[in-house]
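In the text below, chain A, chain B and the rest are named by the order of the sequence lines, each starting its count at 1. Worth knowing before you read on, the calculation uses all heavy atoms, side chains too, and leaves out hydrogens, waters and symmetry mates.
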Amino acid sequence: MSILSFKQGVHPDYNKELTADKPLKKAKRPEQVVIPLQQHIGAPLEPLVKKGDHVEMGQKIGDSESFVSAPVHASVSGKVKDIKKVMTPGGSKAQAIVIAADAEDNFVSDLQSHADLEQLSGDEIRNIVRNAGIVGMGGAMFPTHVKLSIPKEKNVEYVILNGAECEPYLTIDNRIMIERPEDVLFGLKAIMKAVGVEKGFIGIEVNKPEAIAAMEKVTSNEGNIEVKILETKYPQGGEKMLVEAILGREVPAGGLPLDVGVVVNNTSTSVAIADAIQKGIPLIERAVSITGHGIAEPQNLIFRVGTLVNELIEQAGGFAGKPGKVILGGPMMGFAQKQLDIPMVKGSSGILVLTKEEVDDYEPSPCIKCARCVDACPVFLMPTQLMNYSKNEMLDELEDYQIMSCIECGSCSYVCPAKIPLVHHLRMGKAQVQARQREER
Amino acid sequence: MNNEQLIVTSSPHVRATDSVSKIMWTVVISLLPAVLAAVYYFSFRAVAIILVSVLGAVATEYIFQNVRGKEVTIADGSAVVTGVLLALTLPPTIPLWTVLVGSAVAIGLGKQVFGGLGHNPFNPALVGRAFLMAAYPVLMTTWQLDGQTTATPLNLFKMQGIMTDVWQLFVGHIGGSLGETSAFALLIGFAYLLYKGYVNWRIPAGMIGTVFLLTLVFGQNPIFHLFAGSLMLGALYMATDMVSSPVTKSGRWLFGFGAGLIVVVIRLWGGYPEGVMYGILLMNTAVPLINRYTRPRSLGEVK
């Protein structure tokens, strides 16, 4: 079997052995959950409940009229304690509904299950996905029903399921493919049906042999669904890299995979879609890798949306040694956190704790123009040059040098021997260009 | 659990282990075979020249950084690289005070006046050498072999039409500067750098390839031209200086090609027997333009 890949990229230490073999386990029911009203890209939600209301598990508690939004649901049964602003993992504050859990875990009574995809239309699938509050669970949290709504002028040919899991340390997609391959497949078929395509791919990095075997087994009788084995290289799971690796197509600058006829979804998202269709359960829980050498008992837990970060860390045995950094997400693109009493959301794929010793104090030294960043960039930018333009606010040059194509994967910063935070400078550059574009409009 | 002193920075949160000083010191190590070859052929003169050159370079860096109120970074190895490289371009007969002047100019005018590491448009060692060539042309072109005054193979060839045996050229039993004698020693060191991934191969491939092809086209012995003079030292260690060479892949080919072209033009039709130094220095000036015109097409970009 040939191993597919994209050009350039980097090879960080993967450290997946910490949790790769740990089966998914349900986390304890928290005594209270904090459910932000914005866990998606798009318009914030309005609360559908008020303080003192009793809610059942799976009950919709926040929604919006806006198309680009995804509702949220109670992940426990209990009583609404408060509606207040809280800090969220992305570093911004949002309104959130605080629910004190009872011990019942009573589901709402009107959950509708559909065993047979054949009887559902594309619109019905999109409706189920919308009502289940499903968003991109790889971390971007883009509303999935929007992704599955294909504009008339676009011609979609393929769906790619992203099981690359190229972020070091994280192992939940790996576990999900090993433990729930049928549901992954069901979700993929639902997506294919929703967007009306005949051909699907599941892309998995070669460092997950068990996941590859499991997915190959369940797809062996599916003539139109193929498992594609990918090189273990970061950022293999980037949408554009996946499309390049599997189909050899280039997503146009500023465009989406849709522009070359492809819809890409994450494996966790696929399982959430399967649960929503087959069991009628909305997105109220998901898996997370709690890992790193700063965690006493690294493991993969399924948690209720709204569980606080520090409760999950405690369930993983607490810290091992002195924690240096607590990162939500993976080490390449995750967010370092200052406080740990913040809620885990639909896009939370990892809690990574690096020890004090592991967190180097990177003092940047001058760029020696070694060009490792240029050789690593998966979208072929010149980070060293862009850094200078960004620092000097040279907006025309930033645009000429295609700053807006930066996917912020961090490969440039990773390889830099001078320890320059290149991607940080590039983010600032992007922000400058975006600000000017807004002004011009 | 919240009062832990957590560090917050933007992603990525892990970094590759290479550092600038690791790269620089590895380059120093890779130059050891050439240094040993120099000591073998020129004994203690070579040791003295290399030591003075390195000390001069490091001392100049130290003084400049102190005066400018900057952090002193002499431990990063970059000044040591410049010192060793400059020494390898000097003739074994050169007075030691001249070496000191050369290394001071290399770091002072070649590097620190532009802002130090990472900001020099030219290869600092070659700036030092160019200065010495202009200021002390006689001292810089007095060659010796086995205790006898001699001319370099390129000189013999240019002035008297005498071809030196290619095997003698390869192992370095010829008149010449400390480091241009043994191509073999230079190649061993370069192979080590390639293995470590600390050097770019496109520039030397472009430069040496161009010299080979053009001398062949003009009816010369291309093998002679590869191993005579400072082509190996220049192409493998000077042209590949990261700071003063292009950052794009096609730019590196272009840089190597341009430098090789200038070398051939000077060797075949110029007034000097050798053109490696000028070839590289001239191409150094073109680096910003080369970078600009060889920007890679970004993914999905319509250029």
Whatever's closer than 4.5 Å to a heavy atom in chain B on A/Gln337 counts as backbone

Compare every heavy atom of B/Pro12 with every heavy atom of A/Val423, then report the nearest pair and how far apart it is. CG1-CD, 3.7 Å

Honestly, the part of A/Gln8 sitting under 4.5 Å from a heavy atom of chain B is side chain

Please state whether the side chain, the backbone, both or neither of A/Cys367 comes within less than 4.5 Å of a heavy atom of chain B. backbone

Would you call B/Leu6 and A/Pro323 a side-chain contact if the rule is heavy atoms closer than 4.5 Å? yes

Please classify the contact between A/Val326 and chain B as side chain, backbone, both or neither, with a heavy-atom cut-off of under 4.5 Å. both

Return yes when atom CE of A/Met428 has more than 12 non-hydrogen atoms of other residues, nucleotides or ligands closer than 6.0 Å, and no otherwise. no

Around A/Glu31, counting heavy atoms of other residues, nucleotides and ligands shown, do more than 12 lie under 6.0 Å from its CD? no

Heavy-atom side-chain contact between B/Leu299 and A/Lys7 under 4.5 Å: no

Side chain A/Lys369, main chain B/Gly118, donor-acceptor under 3.5 Å: yes

Going through the checks in order, is the side chain to side chain contact (heavy atoms under 4.5 Å, CB included) test met by B/Arg297 and A/Glu250? CA-CA 12 Å; B/Arg297 189 184 69 90; A/Glu250 245 182 65; 2.7 Å; yes

Would B/Ser11 and A/Met332 count as a side chain to side chain contact (heavy atoms under 4.5 Å, CB included) here? Give the steps. CA-CA 6 Å; B/Ser11 61; A/Met332 294 302 288; over 6 Å; no

Using a strict threshold of under 4.0 Å (side-chain N to carboxylate O), is an ion pair present between B/Arg202 and A/Asp375? no

Chain B heavy atoms under 4.5 Å from A/Ser365: which part of the residue, side chain, backbone, both or neither? side chain

Using non-hydrogen atoms only, which part of B/Lys22 is less than 4.5 Å away from chain A: side chain, backbone, both, or neither? neither

A quick test of your reading: do over 12 heavy atoms of other residues, nucleotides or ligands sit less than 6.0 Å from CZ of A/Arg427? yes

Minimum heavy-atom separation for A/Asp400 and B/Arg295, please, with both atom names. O-NH2, 3.3 Å

Side chain, backbone, both or neither: which part of A/Arg249 has a heavy atom under 4.5 Å from chain B? neither

Contacting region of A/Met404 [heavy-atom separation from chain B under 4.5 Å]: neither

What's the shortest heavy-atom distance between A/His424 and B/Ser10, and which atoms? ND1-OG, 2.9 Å

Would the number of heavy atoms belonging to other residues, nucleotides or ligands and lying under 6.0 Å from CZ of A/Phe380 be above 12? yes

In Å, rounded to the nearest 0.5 Å, how long is the span from CG of B/Asp18 to NZ of A/Lys419? 7.0 Å

Step by step, would you call B/Thr9 with A/Lys325 a side chain to side chain contact (heavy atoms under 4.5 Å, CB included)? CA-CA 9 Å; B/Thr9 59; A/Lys325 258 187 193 177; 2.6 Å; yes

If I compare all heavy atoms of B/His13 with all of A/Gly334, which pair ends up nearest, and what's the gap? NE2-O, 2.8 Å

Measure A/Val374 against the heavy atoms of chain B and call it side chain, backbone, both or neither at under 4.5 Å. side chain

Can you give me the closest heavy-atom contact between B/Arg252 and A/Ala371, atom names plus distance? NH2-CB, 2.8 Å

Please flag which part of A/Tyr401 lies under 4.5 Å from any non-hydrogen atom of chain B: side chain, backbone, both or neither. both

Are B/Arg15 and A/Pro421 close enough that some pair of their side-chain heavy atoms sits under 4.5 Å apart? yes

Contacting moiety of B/Ser21, where chain A heavy atoms sit under 4.5 Å: neither

Residue A/Ile368 versus chain B: region with a heavy atom under 4.5 Å: both

Looking at A/Pro168, A/Cys416, A/Gly330, A/Pro252, which one has more heavy-atom pairs under 4.5 Å with chain B than the rest? A/Pro252

When A/Thr384, A/Val251, A/Ile327 are compared by non-hydrogen pairs under 4.5 Å with chain B, the top option: A/Ile327

Can you tell me if B/Phe114 has over 12 outside heavy atoms packed within less than 6.0 Å of its CZ? yes

Heavy atoms of B/Ser298 and A/Ser405 approach each other most closely as OG-OG, 4.1 Å

With only heavy atoms counted, which part of B/Ile23 is less than 4.5 Å from chain A, the side chain, the backbone, both or neither? side chain

Examine whether an atom of A/Met382 lies under 4.5 Å from a heavy atom of chain B, and if so say whether it belongs to the side chain, the backbone or both; otherwise answer neither. side chain

